[in-house]
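Below is one structure, written out as C-alpha cells; the observations come after it.
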Amino acid sequence: MMNTLVIVVTGTNRGVGKGIVQLLARQQLEQPLTIYATSRSGADTGIQASSTNVIKYGKLDITDQTSIQSFLQSVLKEHSAIDVLINNAAVSNDYRETPEYAEETIRNNYGGTKNMCELFLPNMSRKPWSRIVNVVSGYNQLSKYGLEIQEKFRAVKTISDIDALGESYLGAAKQGQDAQKAGGWGSGARSYKVSKALILAMTMLLAKQNPEIMINCCCPGWVDTAMGHQAKGTPPKTPEEGARIPVRLAVGDLGVNGDEDGGLGKESERISGKFFENDSIISTEWGKSKLWLET
Ligand SMILES: NC(=O)c1ccc[n+]([C@@H]2O[C@H](COP(=O)([O-])OP(=O)(O)OC[C@H]3O[C@@H](n4cnc5c(N)ncnc54)[C@H](OP(=O)(O)O)[C@@H]3O)[C@@H](O)[C@H]2O)c1
C-alpha cells in the first residue's frame with residue numbers, strides 16, 4: 001500500500017478547523033491522506049472522506065503538554081512520523097478583555113502553538129513535503145506597534161526572546177491601558193493580536209532553525225465562525241472557504257503558481273517562513289505570500 005500523508009489538525013470540532021478537515025478529506029491526491037482531526041473533546045464531526053482518505057478523531061488540548069504527548073504517542077504507534085501539522089486552535093477574548101483574559105489568550109494561543117511545535121518538531125518526517133502551518137490573523141501589521149517593540153520583533157533570535165515579548169506585553173496589560181500604550185503595545189483589547197504576532201515571530205524563527213521543514217503561517221480571512229462573529233457585521237466566508245489558504249500551505253503549491261487555485265497535491269517550490277493572506281479579508285482566493293516583518 002502506498003504510504004499515506006499523515007496530517008494533524010487542531011481545533012477541528014467547529015469553525016475553520018472543521019472546514020480544513022472537510023476540504024482535506026475531499027481531496028484525491030497522488031498520496032492518500034490520513035487526517036487526524038483533534039479537539040479538546042475529541043468530537044467525531046461525521047465528515048465524509050473520499051475513498052482514498054481516512055479521518056481519525058483524537059483528543060488534544062494544546063495548552064496541556066501531557067494531552068499533546070499522549071495524542072502524539074498514539075499516532076506514533078501507527079505511523080513512524082507526522083508529515084503535516086496544522087495549528088489552527090485558538091481563543092479570542094478581545095470582547096471581554098481583562099488582564100486575566102489577556103493572560104489566558106497569550107498562554108492558549110502562543111503558549112499552546114509553541115507547545116505543539118516544540119513537541120511535534122522532533123517527530124516530523126522531514127520528507128520533502130513535511131510542513132507546519134500556523135493559523136494567525138492578518139489584522140496584525142507590525143507597524144501598529146511602537147518602534148521599540150517592532151525592533152524587538154525584528155531582532156528575535158530565540159524562543160526565549162519571543163517569550164520575553166509576551167511577558168512584557170502581559171506586564172504592561174496588568175498595569176492598565178496607559179502602561180500598555182506607553183509600552184508600544186497599542187490601546188484597547190490587544191491580547192488576541194499580540195498572541196498572533198508572537199506566533200508569526202515564532203513561525204519565522206522555526207523556519208530558519210528547521211530548513212528541512214516548510215513552516216509558514218496564514219490568515220484565513222473573515223470567516224463565519226463563533227470567532228468571526230465577534231467582529232461587527234456578517235462574516236462573508238464559509239469555514240471551507242476560510243480553509244483554503246491553510247490547506248494550500250499544508251498540501252499545495254506554495255510558489256506563485258499556487259496563488260490561483262492552491263495547486264493542491266502539486267510539487268512545490270521550497271517556501272518557508274512566510275505569511276500568506278489574500279488582499280482582502282472577504283476574498284475567497286488561495287492566498288499570496290508576504291513578509292510580515294515588513295508590514
Ligand atoms: N473566524 C475568523 O474570521 C478568523 C479570522 C482570522 C483568524 N482566524 C483564526 O482561525 C483559527 C480558527 O478560528 P475559528 O474562527 O474557527 O474560531 P472558533 O470558531 O472560535 O474555533 C476555535 C477552535 O479552537 C479550539 N481551541 C481553542 N483553544 C483550544 C485548546 N486549548 N486546545 C484545543 N483546541 C482549542 C476550539 O475548541 P473548543 O470548542 O473546545 O473551544 C475551536 O475548535 C484561529 O486560529 C483564529 O485565530 C479566524
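Just so you know, ligand 1 is whichever comes first in the structure, and atom 1 is the first atom listed for that ligand.
- No N or O atom of Ser39 sits closer than 3.5 Å to an N or O atom of ligand 1.
- Look at Gly221 and you'll find a heavy atom under 4.0 Å from some atom of ligand 1.
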Worksheet entry | side-chain hydrogen bond (donor to acceptor under 3.5 Å, both in side chains) between Ser195 and Asn109, worked out | CA-CA 6 Å; Ser195 74; Asn109 297 0; 3.2 Å; yes

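- Of the N or O atoms in Val16, one or more lie within a sub-3.5 Å distance of an N or O in ligand 1.
- Interatomic distance, CG of Asp94 versus OG of Ser191, reported as 5.0 Å (0.5 Å rounding).
- Ligand 1 places these atoms under 4.0 Å from at least one heavy atom of Asp61: 30 (C), 31 (N), 32 (N).
- In the vicinity of Trp222, heavy-atom distances shorter than 4.0 Å reach the ligand 1 atoms 3 (O).
- In the displayed structure, Gln73 atom CD is contacted under 6.0 Å by more than 12 heavy atoms of other residues, nucleotides or ligands.
- Proximity of Lys196 to ligand 1, defined as any heavy-atom pair under 4.0 Å, is confined to the side chain (atoms from C-beta onward).
- For the pair Val136 and ligand 1, a heavy-atom separation below 4.0 Å is found.
- For the atom pair OG1 (Thr12) and CZ (Arg40), the distance works out to 12.0 Å, reported to the nearest 0.5 Å.
- Within the listing of ligand 1, atoms 22 (C), 24 (O), 26 (N), 27 (C), 44 (C), 45 (O), 47 (O) sit less than 4.0 angstrom from a heavy atom of Ala90.
- Residue Gly228 approaches ligand 1 through these ligand atoms, each under 4.0 Å from one of its heavy atoms: 1 (N), 2 (C), 3 (O).
- Nearest protein heavy-atom neighbour of atom 40 (O) of ligand 1: Arg40 NE, 3.0 Å.
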Discussion item. Using side-chain contact (heavy atoms from CB on, under 4.5 Å), reason through His79 and Tyr36 one step at a time and then give a plain yes or no.
Written reply: CA-CA 12 Å; His79 304 277; Tyr36 283 89; 3.2 Å; yes

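- Not a single heavy atom of Pro235 lies less than 4.0 angstrom from ligand 1.
- Considering only non-hydrogen protein atoms, atom 35 (C) of ligand 1 sits nearest to Ala89 CB, 3.4 Å.
- Of all protein heavy atoms, the one closest to atom 19 (O) of ligand 1 is Arg14 NH1, 3.3 Å.
- Ranking protein heavy atoms by distance to atom 48 (C) of ligand 1, first place goes to Pro220 CG, 3.8 Å.
- Comparing heavy-atom distances from atom 33 (C) of ligand 1 across Thr10, Ile20, Leu60, Asn88 singles out Leu60 as nearest.
- Remark: ligand 1 atoms within the under-4.0 Å shell around heavy atoms of Ala226 are 19 (O).
- For Lys266, there are no side chain to side chain donor-acceptor pair (under 3.5 Å) partners two or more places apart in sequence or in a different chain.
- Enclosure of atom NZ in Lys59 is not indicated, since only 12 or fewer non-hydrogen atoms of other residues, nucleotides or ligands lie within 6.0 angstrom.
- Checking only distances, Val91 never comes within under 3.5 Å of ligand 1, N or O to N or O.
- Protein heavy atom closest to atom 15 (O) of ligand 1, with residue, atom name and distance, is Thr225 OG1, 2.5 Å.
- What sits closest to atom 2 (C) of ligand 1 on the protein, heavy atoms only, is Val223 N, 3.6 Å.
- Scanning the protein for heavy atoms near atom 10 (O) of ligand 1, the closest one is Val135 CG1, 3.4 Å.
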Practice prompt. Please step through side-chain hydrogen bond (donor to acceptor under 3.5 Å, both in side chains) for the pair Ser125 and Asp83, ending with a clear verdict.
Written response: CA-CA 5 Å; Ser125 61; Asp83 297 307; 2.6 Å; yes

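- No heavy atom of Lys18 sits closer than 4.0 Å to any atom of ligand 1.
- In this structure, Gln27 contributes its side chain and Leu23 its backbone to a donor-acceptor pair below 3.5 Å.
- Applying the 4.0 Å criterion to heavy atoms of Ile62 picks out, from ligand 1, the atoms 30 (C), 31 (N), 32 (N), 33 (C).
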Practice prompt. Would you sort out whether Ser160 and Asp163 count as a side-chain hydrogen bond (donor to acceptor under 3.5 Å, both in side chains), showing the intermediate values?
Written response: CA-CA 5 Å; Ser160 306; Asp163 290 346; 5.0 Å; no

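- The main-chain N or O of Asp253 is never found under 3.5 Å from a side-chain atom of Asn257 such that the two would form a donor-acceptor pair.
- Protein heavy atom nearest atom 17 (O) of ligand 1, with residue, atom name and distance: Met227 CB, 3.4 Å.
- Below 3.5 Å of separation, one finds an N or O of Gly11 facing an N or O of ligand 1.
- Remark: Lys56 engages Glu78 in a salt bridge, criterion side-chain N to carboxylate O under 4.0 Å.
- The hydrophobic cluster containing Ile271 does not contain Val136, counting ILVMFWY residues as joined when their side-chain heavy atoms lie under 4.5 angstrom apart, directly or transitively.
- The environment of CD1 in Ile282 is sparse: at most 12 heavy-atom neighbours from other residues, nucleotides or ligands sit within 6.0 Å.
- Taking all heavy atoms of Asn13, Thr38, Thr12 into account, the minimum distance to atom 43 (O) of ligand 1 is reached by Asn13.
- Counting only residues at least two apart or in different chains, ring pair (Phe, Tyr, Trp, His ring centres under 6.0 Å) contacts with residues 156-177 comprise Tyr169-Trp185.
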